[in-house]
Colleague: 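Below you'll find the structure I mean.
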Amino acid sequence: MGRFVARRVVGMLLVMFAVSVLTFLIFNVIPNGDPADRMAGKNSTPVQIDAIEKEWGFDKSLPVQYATTMEKVFTGDLVSYYTQTNVAEQIRRGIPRTFALAIGAALLWFAMGTALGLYTAIRAGRWSDTLVTVLALIGVSMPVFWLGALASYYLGFKAGLFPNGGYAEIGEEGLWEWVKHMILPWTVLATLFIGVYSRVLRSNVLDTINDDYVRTARAKGLSERRVMIHHVLRNSLIPIVTLWGLDFGAVLGGGAILTETVFDLDGVGQYFAESIGTLDVPPVLAVTLFGAFFIVILNTVVDIVYAALDPRIRLS
Amino acid sequence: MAPNSELLLDVQDLNVSFATEEGIVHAVDEVSLALHAGEVLAVVGESGSGKSVTAMTLMGLTRSPNARFAGSAKLRDLDLVTASDDQLRKVRAEEIAMIFQDPMTSLNPVHRVGRQIVEQIQAHRDVPDGEARDQVVALLERVGIPRARERFDSYPHEFSGGMRQRVMIAMALSCDPAVLIADEPTTALDVTIQAQILEVLKELRTRTNAGIILVTHDLGVVADIADRIAVMYAGRIVEQGSTDEIFYNPQHPYTWGLLGSITRVDRPRPTRLPSIPGMPPSLITRPQGCHFRPRCPHAHDACLAKPELIARVGGESGHTDRCVVTPERKAALRETDGQIGLVAGGVTG
Ligand SMILES: Nc1ncnc2c1ncn2[C@@H]1O[C@H](COP(=O)(O)OP(=O)(O)OP(=O)(O)O)[C@@H](O)[C@H]1O
Ligand SMILES: [Mg+2]
């Protein structure tokens, strides 16, 4: 297991390097035109562009340009020339919001997806199974921006059950306010995933339940509950956990942009979306790089967790 | 067999059928069996004859919405056919345990083998972890797994098929069951491992006085271990008796065929294993009367009536069969074209 982890981590570092080179090429080299001009954003003056050209070393060789870019991104002194703000500070402000949304939603969809999946598998063929199946299908087909707008209008604005968007700092407004602000975003973001996960788990459970070792577990005189959780669910969850890690990475790496924007959470995703809207390159570059890194790191974590859950994987 | 030993299992007219899309599968039909302590009962028959369904029904493992049961299967005083889930759970492993047909898939791939046995012990007894571990290591040693203490923490995929089957046997033995059902415990394994596994079972019988039901499709495997043999065909027992009776005085033409298909060391080995001509019938639309009739070279009009499983030879020996031909005529048929003739006609390929 130790060697497996070491190999995966080395692989991860290589991929991160490759991703950083690719990002650099995509932003600074491949597009036509003057990179300094793009970097400066709209409403820039020739003087500014000249200064940026010097600062970023766009007159030097590509490796030097790459090193300068990475240094700027990772030391945190990257600024948006358009808004005159420090990009790292903006990201740092957005991260707790984005994480709060992603982690909460991911836990919610994992728990609900598992519970509904197991329930429908046990009830397979009965009307309760059909009902949940229909609900899951509806959940899967609802676009986040639509569901989000609907929820925030009816439950927030009209009924006043929830705040009408925005984010509450736990430190300032307390835990309860924070939760109240997050419930709708969590639910909206999780809805699609709950639909998918419950279906995937249901079919995994129905496959696993006929496996020979489940029959062995019954023959051992275990309680039905123990058979279902320790043997059936334990094996059915392996692919789900993998999926979950990847989806969680994808949500952190940009998948929550719509939810953040609809509920005005002002997280990293919303910052990203706004920066794209104003063609502000430095923040887009930095968020792209961090987002890609998150996805790569979570992929590695998923691989390691997968190996921990399924001993057969560790061999290869 | 000690004839006056305790009667452990008393199966009377057991019927098991499954409703499927093609129709009703009559997998087990009027099966009656008795198993005493210290006895090895072999259940033999071709693939699909209902051996596994019979065995699994005794464990309550065939219960499902599409399954129908009739008759009774008494384990001491408990009828396994009608027992509640809770009653079943208590006797499983503790009173009646089973070794399954396929050792490769019968262990949970994600749990350590030792833990899987500990889990069973702790489901029935209040044994602390350390003590349970020692018990399991001792069991693994007993069934011939080398370096058992280290192997306790291995995963199933780190074991060969033979070793996995030993783990399954150790698991089945772990709660000292009164009845052990071994469903083709050696079919998936090569010949040397087969012999070793059978040795383990023999040793178990003498040591714990358990009653063993040994399911197999190969009569040769059971010759030196079985006390009694039940021959199944298309869901029915067609002949039942002591091992000697079945081998030296077989009454049912199907048994003759099975006996003929044993590879014998005292004869030249045939290039292909001989088998009985024809195919077993569909269990959905079974032939009228004797199920073996369409394949039987000696069938006549009397075979269109359903034959009962009754004693036709041997008086008090308990030898019963389902063939209506008179014993005298059978003896003559066996002499002239019987065993060998049936076999010769059946060499395939
Ligand atoms: N759950 C089920 N639903 C429908 N049919 C079944 C079911 N279980 C078993 N059968 C059928 O019952 C028949 C008897 O099967 P069984 O597994 O008992 O045969 P077997 O004698 O053990 O054969 P083998 O030597 O191949 O193991 C087969 O035709 C099988 O297809
Ligand atoms: Mg079988």
Side-chain angles (χ1 to χ4, degrees), chain A residues 1-4 120-130 201 204-242 302-316, chain B residues 52 55-56 58-66 85-113 115-125 153-158 164 167-168 171-172 174-175 177 180-181 183 188:
Chain A
M1 193 70 191
R3 274 183 52 204
F4 177 84
T120 48
I122 292 171
R123 302 259 144 179
R126 306 205 200 156
W127 68 267
S128 47
D129 171 34
T130 317
L201 188 72
N204 283 354
V205 167
L206 288 179
D207 283 348
T208 310
I209 220 162
N210 290 318
D211 279 348
D212 287 351
Y213 57 79
V214 175
R215 192 181 55 197
T216 307
R218 292 222 164 82
K220 282 155 78 169
L222 307 182
S223 64
E224 190 57 24
R225 188 190 163 83
R226 187 162 177 108
V227 172
M228 287 310 294
I229 290 172
H230 212 67
H231 294 270
V232 177
L233 193 58
R234 174 67 174 74
N235 280 277
S236 315
L237 271 183
I238 293 172
I240 298 278
V241 169
T242 314
V302 162
D303 278 354
I304 292 169
V305 170
Y306 192 34
L309 288 176
D310 190 342
R312 288 164 297 183
I313 303 298
R314 284 170 229 166
L315 284 180
S316 45
Chain B
S52 295
M56 286 198 283
L58 299 179
M59 294 290 296
L61 292 171
T62 46
R63 292 182 175 193
S64 79
N66 71 332
D85 288 348
D86 219 37
Q87 286 172 318
L88 262 184
R89 195 175 55 68
K90 285 195 187 107
V91 295
R92 281 172 179 167
E94 185 93 64
E95 296 284 317
I96 182 167
M98 183 159 175
I99 302 165
F100 293 97
Q101 200 161 347
D102 190 351
M104 300 312 279
T105 52
S106 291
L107 287 163
N108 191 325
V110 304
H111 296 306
R112 299 175 194 278
V113 292
R115 295 289 322 162
Q116 298 193 43
I117 305 180
V118 168
E119 184 184 30
Q120 169 170 318
I121 296 176
Q122 289 180 336
H124 296 279
R125 292 166 197 182
D153 287 315
S154 301
Y155 288 96
H157 70 263
E158 296 167 311
R164 284 188 219 189
V167 172
M168 289 303 293
M171 184 184 288
S174 66
C175 295
L180 178 70
I181 304 173
D183 188 357

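All values reported here derive from a predicted model rather than from experimental measurement. Order of the sequence lines fixes the chain letters, A, B, ..., with proteins taken first and strands second; residue numbering starts at 1 for each chain.
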Colleague: In Å, rounded to the nearest 0.5 Å, how long is the span from CZ of A/R215 to CG of B/D102?
Modeller: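 Rounded to the nearest 0.5 Å, the CZ-CG separation comes out at 8.5 Å.
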Colleague: Minimum heavy-atom separation for B/A123 and A/G221, please, with both atom names.
Modeller: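 Result for this residue pair: CB-O, 4.2 Å.
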Colleague: Between A/I238 and B/V110, which heavy-atom pair has the shortest distance, and what is it?
Modeller: CD1-CG1, 3.7 Å
Colleague: Counting only heavy atoms closer than 4.5 Å, note whether A/N235 contacts chain B via side chain, backbone, both or neither.
Modeller: side chain
Colleague: Find the one option among B/M104, B/Q120, B/E119, B/R89 whose heavy-atom pairs under 4.5 Å with chain A are most numerous.
Modeller: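 If we count pairs closer than 4.5 Å to chain A, B/E119 comes out on top.
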Colleague: Are any of the side-chain heavy atoms of A/E224 and B/D85 separated by less than 4.5 Å?
Modeller: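 Result no, sub-4.5 Å side-chain heavy-atom pair not found.
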Colleague: With a 4.5 angstrom heavy-atom cut-off, is it the side chain or the backbone of B/L107 that approaches chain A, or both, or neither?
Modeller: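 Contact with chain A is through the backbone of B/L107 alone.
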Colleague: Short question: side chain of A/K220, backbone of B/Q116 - any donor-acceptor pair under 3.5 Å?
Modeller: yes
Colleague: Let's test your reading of the structure: which of B/A93, B/G60, B/S106 forms the most heavy-atom pairs below 4.5 Å with chain A?
Modeller: B/S106
Colleague: Does a side-chain heavy-atom distance below 4.5 Å link B/N108 with A/T216?
Modeller: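 Side chain of B/N108 against side chain of A/T216, heavy atoms only: no contact under 4.5 Å found.
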Colleague: Of all of B/K90, B/M98, B/M171, which one pairs up most often with chain A through heavy atoms under 4.5 Å apart?
Modeller: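 Sorted descending by pairs with chain A, the first entry is B/M171.
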Colleague: Chain B heavy atoms under 4.5 Å from A/R234: which part of the residue, side chain, backbone, both or neither?
Modeller: side chain
Colleague: B/H111: what forms a ring-ring contact (aromatic ring centres under 6.0 Å, His included) with it, not counting sequence neighbours?
Modeller: A/H230, A/H231
